[in-house]
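Notes follow once the structure below has been shown.
The residues of the chain are indexed from 1 along the displayed sequence.
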Amino acid sequence: MQRFHLIVIYTLIALLIGVVLFQFKLLQEASEQPQLTVNTSDGNQIRITIPDKRVNIFSLPDKVNFAGEELPLKDPEVRERFEREIYVNAYWESNAILLMKRANKFLPTIEKILKENGVPEDFKYLAMAESNLLNVVSPAGARGFWQFMDATAKEYNLEVSKDVDERYHLEKSTVAACKYLKKAYANFGNWTSVAASYNMGISGLSKRKNEQRHNNYYDLWLNEETSRYIFRIVAFKELFENSERYGFELPKEELYELPTLRALQVQSSIPNLADWAIKHGSSYKDLKIHNPWLRSTKLNVSKGKTYTILLPV
C-alpha cells in the first residue's frame, strides 16, 4: 500500500508541475493580457493569463440612416437583418481591413463626383457593396467599381470596345452611376428604393412594389440578395464611421495612397502601349494600374476623339 501511495503522490506532483508549466507558457505568450495570481500548495505564487474573449457582442446603435432615411430598427426583423451584416463584415477582418486601407485611395474621387451630381455621399458605400472597390467581374459579366453590364454602360454613355472599357474608368463610371441613381430617384422619390433598384433594376423593384402593394423597401418580400443589399451598404457605413467600436484602429500611415499622377492627352492612335509608356518615362505596368480602362496592348483613337492617360510623376 505504501508503494501505491507513493506512485499516486508522484503522479499528482507530475500533473501539478505540468499544469504550472503550461500556465507559465501561457503567461509568457500573452503577458499583456489580464492575469490572475494563484497560491500553490507549497506556498509559492504563479500568475495565470486570462485569455481574451474569442468574440465580442457589439453594442449596436439604436438609430442608423442611409442617405438621411432612417432604418426602422425597432422592428425586430429589420434589426436582425442589420445585425447579420454587421457581424458578417466585422468578423471578416481581412476584407474589412483591406477595404479600409483601399478606400483612402478612391473615396475622395467618388465623394467629389457624388457631391457634384447632387447624390448623397452614402452611395459611396454602395460602390463598396458592389465591388469592394476592386475592378471585379461578376458571373453575369458586370464590371468595374459600379458593376455595370455592357448594355447599361452604353446606355449611360460609357465606351465599351475591344481597346477601351470605361466601366473600369473610376471618374466616368461614377458619373454614369450618378445618372442612373438620379433617374431612379425621379421614379421612386426616396434613396433607399434607389439603392435597392441598383441591385434588381428599376422595373424589377417597381414590379415587386406593385405586386405586394407596399412602397417601403423594409416591407417588401424580395430575393435574398436584394433583401440583404441595403443592410450590407449600411453595415459598411457603420463600420467605417465607427471603426473603433468594432475593433478597427488603422493609423493614417497604414492607409493606401495614390501616387501623384500626370495627365497626358492622346488624340492619335497608339500601336504599342508599352513603347508609348517607356517613351513617356513610365512603364506598361504603371500605365495599366492607373488606366485599367485600357483593355488591350494598343489604343485606336478615332478622328476627333481625345483620351486622357494617367502616369505617375
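Expressed to the nearest 0.5 Å, how far NE2 of His290 lies from CG of Leu170 amounts to 13.0 Å. Leu222 contributes atom CG, which lies 6.5 Å from atom CG of Leu205 (distance to the nearest 0.5 angstrom). The line from CZ of Arg232 to OG of Ser227 is 13.0 Å long, rounded to the nearest 0.5 Å. Atom-to-atom distance recorded for Leu287:CG and Ile309:CD1 is 5.5 Å, nearest 0.5 angstrom. Taken from CE in Met100 to CG in Leu250, the straight-line distance is 7.0 Å, to the nearest 0.5 Å. Note: Leu239 CG to Leu99 CG = 9.5 Å, rounded to the nearest 0.5 Å.
In this view, Lys183 and Glu155 satisfy the salt bridge (Lys or Arg N to Asp or Glu O under 4.0 Å) rule, not counting sequence neighbours.
Residues Val301 and Ser268 have side chains not in contact (no heavy-atom distance under 4.5 Å, counting atoms from C-beta outward). Side-chain contact between Tyr307 and Asn291 is absent, with no heavy atoms from C-beta onward closer than 4.5 Å.
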Q: Would you check, one step at a time, whether the test side chain to side chain contact (heavy atoms under 4.5 Å, CB included) holds for Asn132 with Phe236?
A: CA-CA 10 Å; Asn132 279 327; Phe236 279 131; 4.0 Å; yes
(Q) Does Thr174 form a side chain to side chain contact (heavy atoms under 4.5 Å, CB included) with Phe145? I'd like the steps, not just the answer. (A) CA-CA 8 Å; Thr174 303; Phe145 280 22; over 6 Å; no
Q: Dump the intermediate steps for side chain to side chain contact (heavy atoms under 4.5 Å, CB included) on Asn117 and Leu181, then the final yes or no.
A: CA-CA 10 Å; Asn117 286 271; Leu181 297 170; over 6 Å; no
Q: List the steps, then state whether side chain to side chain contact (heavy atoms under 4.5 Å, CB included) holds for Val234 with Tyr125.
A: CA-CA 7 Å; Val234 179; Tyr125 300 111; over 6 Å; no
Q. So Lys101 and Glu254, salt bridge (charged side-chain N to carboxylate O under 4.0 Å, His left out) or not? Walk me through it.
A. CA-CA 7 Å; Lys101 284 173 168 278; Glu254 291 294 330; 3.3 Å; yes
Q.
Test salt bridge (charged side-chain N to carboxylate O under 4.0 Å, His left out) on Asp275 and Lys279; report intermediate values, then the result.
A. CA-CA 6 Å; Asp275 290 343; Lys279 179 181 177 181; over 6 Å; no
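Residue Met128 comes nearest to Leu107 through the heavy atom pair CE-CD1, 3.6 Å, listed as atom of the first residue, atom of the second, then distance. When all heavy atoms are compared, the tightest approach of Ser282 to Pro312 is OG-CD, 3.9 Å. Minimum interatomic distance between Ser296 and Lys162 (heavy atoms only, all atoms of both residues): CB-O, 4.1 Å. In plain terms, the two heavy atoms of Ile86 and Leu60 that are nearest each other are CG2-CD2, 3.8 Å. When all heavy atoms are compared, the tightest approach of Gln267 to Thr306 is NE2-OG1, 3.2 Å. For the residue pair Gly144 and Tyr168, the shortest heavy atom distance occurs at N-CE2, 4.2 Å.
At least one donor-acceptor pair closer than 3.5 Å links the side chain of Tyr198 to the backbone N or O of Trp146. The backbone N or O of Asn65 lies less than 3.5 Å from a partner atom in the side chain of Lys237, making a donor-acceptor pair.
Side-chain heavy atoms closer than 4.5 Å link hydrophobic residues (I, L, V, M, F, W, Y) into clusters, and following such links, even through other members, never connects Leu126 to Val88. With hydrophobic clusters built from ILVMFWY side chains whose heavy atoms lie under 4.5 angstrom apart, Val119 shares a cluster with Ile233.
For the residue pair Tyr229/Glu130, the side-chain donor-acceptor check at 3.5 Å is satisfied. In summary, the side chains of Ser197 and Tyr180 do present a donor paired with an acceptor at a separation below 3.5 Å, with no hydrogens or angles considered.
Ring planes of Trp191 and Phe123: perpendicular class, angle over 60° (limits at 30 and 60°). Note on ring orientation: taking the six-membered ring where Trp is involved, the planes of Phe58 and Tyr87 are parallel (angle under 30°, cut-offs 30° and 60°).
In this structure, Glu159 does not pair ionically with Lys172, as no charged nitrogen and carboxylate oxygen lie closer than 4.0 Å. Look at Arg81 and Glu77 and you find a salt bridge, because one of the NZ, NE, NH1 or NH2 atoms lies within 4.0 Å of a carboxylate O, short of that distance.
Hydrophobic cluster membership of Val175, counting Ile, Leu, Val, Met, Phe, Trp and Tyr whose side-chain heavy atoms lie under 4.5 Å apart directly or via other members: Ile113.
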